[in-house]
Colleague: 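Submitted below is the structure of interest, expressed as structure tokens.
Note that the numbering runs from 1 along the sequence shown for the chain. Note that ligands are numbered from 1 as they come in the structure, with each ligand's atoms numbered from 1 the same way. All heavy atoms count here, side chains included; hydrogens, waters and symmetry mates do not.
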Amino acid sequence: MTGGLRIAIDGPAAAGKSTIAKLVAKKLGYTYIDTGAMYRAITYKVLQNFIDPRNEEEIAKLVGNTVIELQPGGNAQKVLLDGIEVTEAIRSHEVTSQVSAIAALTSVRQLLMKKQQNLAADSSVVMDGRDIGTSVLPDAELKIFMTASVEERAQRRLLEEQLRGITNDYETLKREITERDKADSEREISPLKKAEDAIIIDTTGKTIEEVTDRIVEYAEKRLTK
Ligand code: DC
């Protein structure tokens with residue numbers, strides 16, 4: 001640690017993790033690392049190369065030859081895959097529907113986890129994902145487990161997609177979110193799970209500002225301890 005904290009934010013799909021993690025990072029002057037974007041970038045590459053999502057051997061080879069860069073910028077973090085920007089492309093419906101299967105592969109997790117640990121090695125970070133507090137940064141100084149009712153998560157995702165010009169319906173989104181949570185929670189390695197020492201924040205009915213301020217307060221308390 002270089003005077004700052006490592007903050008791990010985990011939780012189910014569409015609980016508001018990335019929006020809030022980004023704001024917390026900005027307020028504290030920390031680096032934000034979106035680990036979901038890394039799994040999405042690999043999934044995008046698998047699909048682009050027409051590799052069967054169950055073909056672990058081919059996928060492991062592909063991951064070994066992949067460079068993923070997360071570049072800070074404005075409100076959005078830029079994601080570069082082998083030097084090409086894929087920030088928007090990795091949010092497609094196709095990627096979202098396949099990402100849990102790719103994220104369940106041992107070789108993919110091992111490689112990305114190493115990369116995530118390296119990114120957090122010498123800086124103050126806010127990292128969001130599913131297994132940050134349990135596996136990637138088990139010694140993180142502050143761990144948050146962020147939840148929200150599935151109804152609210154589907155509603156938020158619907159609005160988010162509408163803003164991006166994507167047409168979807170509430171019931172489909174609710175079903176997809178539930179399925180992704182189930183797959184992410186039931187996989188064998190580093191499943192979505194609350195770390196024992198994580199603080200639970202239920203964001204249902206809370207504003208982005210409220211949740212951000214609460215996490216920043218926790219961080220400030222940890223820093224003055
Ligand atoms: O946070 P997100 O929705 O962009 O994440 C996409 C998928 O990536 C999620 O369904 C599970 C996987 N993921 C993971 O397995 N471990 C992480 N640390 C982050 C994401």
Side-chain angles (χ1 to χ4, degrees), residues 6-22 24-25 32-47 53 56 59 63 66 68 70 76-79 81 86-120 125-138 140 143-148 150 152-154 156-158 160-161 164 166 168 173-195 198 203:
R6 288 163 301 165
I7 304 177
I9 303 184
D10 291 301
K17 299 184 299 293
S18 65
T19 306
I20 286 159
K22 231 176 279 171
V24 170
Y32 165 57
I33 301 165
D34 177 356
T35 63
M38 297 166 95
Y39 288 96
R40 286 175 178 272
I42 294 296
T43 304
Y44 177 76
K45 192 167 173 180
V46 166
L47 295 171
E56 184 160 8
I59 296 173
V63 179
T66 300
I68 300 170
L70 302 176
Q77 177 164 64
K78 260 195 195 176
V79 184
L81 175 67
V86 292
T87 315
E88 277 297 314
I90 61 168
R91 307 276 157 203
S92 73
H93 189 254
E94 207 189 354
V95 170
T96 304
S97 65
Q98 297 291 333
V99 66
S100 290
I102 306 289
L105 301 174
T106 311
S107 47
V108 173
R109 298 208 75 82
Q110 278 171 348
L111 282 156
L112 289 189
M113 184 154 116
K114 258 249 123 58
K115 202 170 160 52
Q116 290 155 10
Q117 287 169 337
N118 288 340
L119 287 171
V125 292
V126 182
M127 191 178 275
D128 81 346
R130 305 291 189 284
D131 61 334
I132 311 307
T134 52
S135 306
V136 180
L137 304 175
K143 298 181 187 177
I144 305 291
F145 193 80
M146 204 179 276
T147 62
V150 69
E152 181 146 336
R153 290 187 282 136
R156 288 183 196 157
R157 197 40 64 93
L158 187 68
E160 214 177 278
E161 295 202 345
R164 286 171 40 229
I166 300 173
N168 213 332
L173 279 171
K174 195 171 144 188
R175 195 189 65 241
E176 285 172 354
I177 287 174
T178 307
E179 282 169 6
R180 199 143 64 91
D181 287 347
K182 184 168 158 39
D184 293 341
S185 307
E186 291 180 354
R187 68 168 173 244
E188 265 173 45
I189 55 162
S190 47
L192 162 65
K193 196 172 156 237
K194 181 188 115 38
T203 68

Colleague: Answer yes when R130 and D10 have at least one side-chain N-carboxylate O distance shorter than 4.0 Å, and no when they do not.
Modeller: no
Colleague: V24 and I7: which non-hydrogen atoms are nearest, and at how many Å?
Modeller: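 Smallest interatomic distance, heavy atoms only, reads CG1-CD1, 4.3 Å.
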Colleague: Any idea which residues sit under 4.0 Å from ligand 1, heavy-atom distances?
Modeller: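 Within 4.0 Å of ligand 1, the protein residues are T35, G36, Y39, R40, R91, V99, S100, A103, R109, G129, R130, D131, I132, R180, D184, R187.
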Colleague: Would you mind checking if E152 and R156 are paired as a salt bridge, meaning a charged N to carboxylate O distance below 4.0 Å?
Modeller: yes
Colleague: Any salt bridge between R157 and E176, counting N to O under 4.0 Å?
Modeller: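 E176 and R157: not salt-bridged.
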Colleague: Quick check: does any side chain N or O of Q98 sit under 3.5 Å from a backbone N or O of L47, one acting as donor and the other as acceptor?
Modeller: no
Colleague: Do the side chains of R187 and D131 get close enough for a salt bridge, i.e. N-O under 4.0 angstrom?
Modeller: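 Salt bridge between R187 and D131, a charged N being under 4.0 Å from a carboxylate O: no.
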